[in-house]
Amino acid sequence: MSGGRILVTGGAGYIGSHTCKLLARQGYEPVTYDNLVTGNRDAVRWGPLVEGDIADGNRLCRAIVRYEPVALVHFAASAYVGESVTDPAKYYRNNVAGTLELLDCCRRSGLGRIIFSSSCATYGIPAALPIREDTPQRPINPYGRSKLMAEHMLGDYAAAYGLRYVALRYFNACGADPDGEIGEKHDPETHLIPRALMAAAGSVPHLSVFGDDYATADGTCVRDYIHVSDLAEAHFLAARHLLAGGDNLTVNLGAGRGISIREILQAVSRITARSVPVMMEPRRPGDPPALLADPDLARERLGFSARFSDIDTIVRTAAPFFGLEVRA
Ligand SMILES: O=c1ccn([C@@H]2O[C@H](COP(=O)(O)OP(=O)(O)O[C@H]3OC[C@@H](O)[C@H](O)[C@H]3O)[C@@H](O)[C@H]2O)c(=O)[nH]1
């Protein structure tokens, strides 16, 4: 370890664990702080695990004092858009109050560099594509609002108390570690690519496609899918930026291209040589028709560009975690 320790809240989760692996490879020691409610203990492999909730400020502060991290990466959050509509209290408690507690711990313990997981869900339904960072943020669900509130808290704390941050607005995270060590393991699994792979593998009867009457080229929703290993790389670049004295920064993390649900299904069929049984369903409430990042600012300011986010690499790396062989 030459770069120092980095505290990673939510380090046992999907994006968190991939980021820990990359940070370790880059010479940092990731210290995971996770309550293991949605995280997986066996995904914590590259540094110690402190079991704790971000709402437990005393425990979090003690971890900061004990490990003396040079920066903090804050993934820990609730992240189901649909659930945020039916149980907004959970989202405001975990994502807003939890982040406030965490920021106060950082203030008290003098930990002044924070990398924050934000989301394209903070934009809502954008007036124009691609989405730039100065596109107005008008989230359409409590999840997006909770992430936007946390962004505002970070900005205000930075201005008043001098901490520095990078906020990363992820588009659609997907794929799995190309080494095959860790993958995507949500319970329940609601995301498109895992559900499509589960349907191809026969572990669910079919994939429900939520709407094929959108004003998009083939009628299905378009998203900017970004490989989790690319997201991990961006966190490393963000840590390096802050450790080099870089200023506060908020950037999109996307591949800069849109892929429709039909295109995903074609790729899954081609790469696994299995058909994906599909059932057309009504639109899912709260789904924007198309989301697509302008990735220029992340490239200019962090030197970030997606390397694993072509659809073939995404499906090839994810398929083995759902019991599927890669055939093409
Ligand atoms: O079973 C499914 C799942 C998803 N979909 C569709 O596939 C597209 C992608 O849906 P996903 O649930 O994978 O991802 P979403 O675009 O809703 O949200 C994602 O991006 C924003 C992040 O902040 C969220 O945390 C993440 O879930 C949507 O159009 C959705 O309606 C289906 O048609 N069927």
Side-chain angles (χ1 to χ4, degrees), residues 10 13-16 38 75-85 90-91 94-95 116-126 129 131 137 139-151 167-175 184 186-201 203-228 231 252-255 258-268 276-293 309 311 314-315 318 322:
Y14 171 47
I15 308 174
T38 53
F75 290 102
S78 297
Y80 289 110
V81 172
E83 184 188 55
S84 79
V85 177
K90 179 174 175 181
Y91 284 72
N94 290 344
N95 300 359
F116 173 63
S117 303
S118 188
S119 169
C120 63
T122 60
Y123 293 112
I125 300 180
L129 295 174
I131 299 173
Q137 288 173 290
I140 55 169
N141 51 58
Y143 170 69
R145 280 189 279 276
S146 73
K147 287 288 179 182
L148 181 55
M149 287 176 194
E151 278 195 16
L168 300 171
R169 294 182 186 149
Y170 315 150
F171 281 64
N172 285 59
C174 57
E184 185 164 8
H186 292 116
D187 185 18
E189 185 53 78
T190 62
H191 297 95
L192 175 69
I193 294 176
R195 299 283 313 178
L197 291 166
M198 288 158 75
S203 46
V204 295
H206 61 263
L207 172 78
S208 298
V209 172
F210 301 131
D212 61 354
D213 57 350
Y214 284 98
T216 57
D218 67 20
T220 62
C221 283
V222 168
R223 294 287 179 272
D224 188 338
Y225 293 92
I226 177 150
H227 195 285
V228 66
L231 291 179
N252 290 335
L253 291 181
I259 302 183
S260 73
I261 295 176
R262 282 194 209 280
E263 288 171 316
I264 297 281
L265 299 183
Q266 283 160 9
V268 169
V276 184
V278 159
M279 188 106 100
M280 286 301 165
E281 309 250 359
R283 293 180 178 195
R284 191 173 69 174
D287 270 342
L291 294 174
L292 165 62
S309 294
I311 190 59
I314 288 169
V315 174
F322 297 91

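One-based numbering, in listed order, for ligands and for the atoms of each.
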Subject >> Selected option - heavy-atom contact closest to atom 23 (O) of ligand 1, from Ser119, Ser208, Pro288 >> reply: Ser119

Original post:
CG of Asn172 to CG of Leu291: how many Å apart, nearest 0.5 Å?
Top reply: 7.0 Å

**OP:** Under 4.0 Å from a heavy atom of Thr190: give me the atoms of ligand 1 that qualify, with their elements.
**Re:** 3 (C), 12 (O)

Subject >> Heavy-atom nearest neighbour in the protein, as seen from atom 13 (O) of ligand 1, with distance rounded to 0.1 Å >> reply: Leu192 N, 2.8 Å

Original post:
Which of the listed options, Asn172, Leu265, Val278, Asn141, holds the heavy atom that is closest to atom 18 (O) of ligand 1?
Top reply: Asn172

**OP:** Just do the side-chain contact (heavy atoms from CB on, under 4.5 Å) check on Thr122 and Arg169 with the steps written out, would you?
**Re:** CA-CA 8 Å; Thr122 60; Arg169 294 182 186 149; 4.0 Å; yes

Subject >> Numbering as shown, the atoms of ligand 1 that approach Tyr143 to under 4.0 Å (heavy-atom distance) >> reply: 23 (O), 25 (O)

**OP:** Apply side-chain contact (heavy atoms from CB on, under 4.5 Å) to Glu281 and His206, showing your working.
**Re:** CA-CA 11 Å; Glu281 309 250 359; His206 61 263; 4.2 Å; yes

**OP:** Could you check atom 31 (O) of ligand 1 against the protein and tell me its nearest heavy-atom contact, residue, atom and distance included?
**Re:** Asp287 OD2, 2.5 Å

Subject >> Closest to atom 11 (P) of ligand 1 (judged by heavy-atom distance), picking from Arg283, Arg284, Arg223 >> reply: Arg284

Subject >> Phe75 and Tyr170 aromatic ring geometry - parallel, tilted or perpendicular at 30°/60° bounds >> reply: tilted

Original post:
Do Ser78 and Tyr143 have side-chain N/O donor and acceptor atoms under 3.5 Å apart?
Top reply: no

Original post:
Looking at residues at least two apart in the chain, or sitting in another chain, which of them share a salt bridge (Lys or Arg N to Asp or Glu O under 4.0 Å) with Asp218?
Top reply: none

Subject >> Inter-residue atom distance Leu129.CG - Asp224.CG, 0.5 Å rounding >> reply: 10.0 Å

**OP:** Would you check if Arg223 and Asp287 make a side-chain contact, meaning some heavy-atom pair closer than 4.5 Å?
**Re:** yes

Original post:
Got an N/O contact under 3.5 Å between Ile261 and ligand 1?
Top reply: no

Original post:
Which option out of Phe210, Tyr80, Tyr123, Tyr214 puts a heavy atom nearest to atom 2 (C) of ligand 1?
Top reply: Phe210

Original post:
Can you tell me how far OG of Ser119 sits from NZ of Lys147, rounded to the nearest 0.5 angstrom?
Top reply: 7.5 Å

Subject >> Distance from atom 26 (C) of ligand 1 to nearest protein heavy atom, with residue and atom >> reply: His191 NE2, 4.0 Å

Original post:
How far is atom 8 (C) of ligand 1 from its nearest protein heavy atom, and which residue and atom name does that atom have?
Top reply: Tyr225 OH, 4.0 Å

**OP:** Find the distance between OH (Tyr80) and NZ (Lys90) and round it off to the nearest 0.5 Å.
**Re:** 8.5 Å

**OP:** Check each atom of ligand 1 against the heavy atoms of Ala79 and keep those under 4.0 Å away; list them by number with element.
**Re:** 25 (O)

**OP:** Please could you name the atoms of ligand 1 that Val209 approaches to less than 4.0 Å, counting only its heavy atoms?
**Re:** 33 (O)

**OP:** Just jot down the ligand 1 atoms closer than 4.0 angstrom to any heavy atom of Cys221, in number order.
**Re:** 29 (O)

Subject >> Distance filter under 4.0 Å to Leu207 heavy atoms, resulting ligand 1 atoms >> reply: 1 (O)

